[in-house]
Amino acid sequence: MWRYVAGGIAALLMTAAGWLIFSSQARPDSPLPAMPAQAAGPSTPVAADDPAVALPAAPERSREQKRFDRYDKDRNAGIAREEYLAPRRKAFAKLDVNGDGRLSFEEWAVKTTDRFAAADRDGSGVLTAAEFATTRPKRAAARPRCVCPPPGGDD
């Protein structure tokens, strides 16, 4: 309980201090001495807001321009059919195990087939209830719950 009271008082004090700082008048006579003028030379820093010095700016590329650049492999400002289909060909090649250019059902379902074979421990071609239970999808590990002290403890 006392924590809440102390926190409330601290918040009010900080609010009052902020109001006093921002509402006070700035004095024109600064206690700091003026900055000495530096001789112009090669080590003089360039101000970014100086209009006489034009700094190059990196062009903003949109998400669609970045996506276009990923597909345009030869950088000719055009995407050929082969460039467009290249990611699909790579995925197809991974599935086409025998390399004949045709995708059979067994090649397409290779993950499921392997999973079935691993679960069928007795090799009967039929999954029992216990074998089928091993094919259950793995869930993400549960994060540990916060162990907090019970409410109502006054410090």
Side-chain angles (χ1 to χ4, degrees), residues 1-19 21-23 35 38 40-155:
M1 171 85 177
W2 290 107
R3 291 185 290 189
Y4 299 114
V5 172
I9 292 172
L12 288 174
L13 286 174
M14 289 190 332
T15 303
W19 180 75
I21 290 171
F22 288 113
S23 66
M35 192 165 107
Q38 295 181 354
S43 64
T44 304
V46 177
D49 58 347
D50 186 7
V53 178
L55 299 176
E60 278 294 322
R61 293 176 49 215
S62 69
R63 173 181 259 168
E64 194 60 30
Q65 288 169 329
K66 291 176 186 176
R67 184 172 157 260
F68 182 87
D69 289 344
R70 279 195 305 270
Y71 277 90
D72 187 19
K73 298 293 182 189
D74 58 3
R75 303 290 183 241
N76 65 349
I79 299 173
R81 178 182 161 84
E82 292 303 315
E83 290 173 324
Y84 190 72
L85 295 176
R88 302 282 184 221
R89 290 190 191 284
K90 289 178 184 176
F92 182 86
K94 284 182 184 177
L95 293 175
D96 187 19
V97 179
N98 61 4
D100 64 351
R102 292 180 168 204
L103 196 59
S104 66
F105 177 78
E106 287 75 21
E107 289 173 325
W108 177 74
V110 70
K111 257 188 183 175
T112 307
T113 307
D114 291 345
R115 196 165 163 189
F116 182 89
D120 187 21
R121 297 193 190 256
D122 60 2
S124 64
V126 177
L127 294 180
T128 63
E131 291 172 334
F132 180 73
T134 63
T135 64
R136 183 179 68 213
K138 305 291 187 256
R139 300 207 178 203
R143 294 189 305 205
R145 301 186 90 187
C146 177
V147 181
C148 302
D154 289 336
D155 290 336

* To do: Measure across Thr134 and Ala119 and return the closest heavy-atom pair with its distance rounded to 0.1 Å.
  => OG1-CB, 3.6 Å
* With distance as the sole test, does Arg121 use its side chain to make a donor-acceptor pair with the main-chain N or O of Glu131 at under 3.5 Å? -> no
* Structure fact -> By salt bridge (Lys or Arg N to Asp or Glu O under 4.0 Å), Arg89 pairs with (sequence neighbours left out) Glu82
* Counting heavy atoms not belonging to Arg75, are there more than 12 under 6.0 Å from its CZ? -> yes
* Can you list the steps and then say if Glu106 with Val97 is a side chain to side chain contact (heavy atoms under 4.5 Å, CB included)? -> CA-CA 10 Å; Glu106 287 75 21; Val97 179; over 6 Å; no
* Asked: Are Thr15 and Leu13 side-chain neighbours, meaning at least one heavy-atom pair lies under 4.5 Å?
  -> no
* **Over 12 foreign heavy atoms within 6.0 Å of CZ, Arg81** => no
* Structure fact -> When rounded to the nearest 0.5 Å, the distance separating CZ of Phe105 from OG1 of Thr113 is 6.5 Å
* **Asp114/Thr112 under side chain to side chain contact (heavy atoms under 4.5 Å, CB included): CA gap, chis, key distance, verdict** => CA-CA 5 Å; Asp114 291 345; Thr112 307; over 6 Å; no
* Output, in order, the C-alpha distance, side-chain angles, deciding distance and verdict of side chain to side chain contact (heavy atoms under 4.5 Å, CB included) for Asp122 and Asp120. => CA-CA 6 Å; Asp122 60 2; Asp120 187 21; 2.8 Å; yes
* Roughly how far apart are Lys73 NZ and Glu83 CD, rounded to 0.5 Å? -> 8.5 Å
* Residues two or more places apart in sequence or in another chain: which of them pass side-chain contact (heavy atoms from CB on, under 4.5 Å) with Tyr71? -> Arg67, Ile79, Tyr84, Pro87
* **By side-chain contact (heavy atoms from CB on, under 4.5 Å) - contacts of Asp96 (at least two apart)** => Phe92, Asn98, Asp100, Glu107
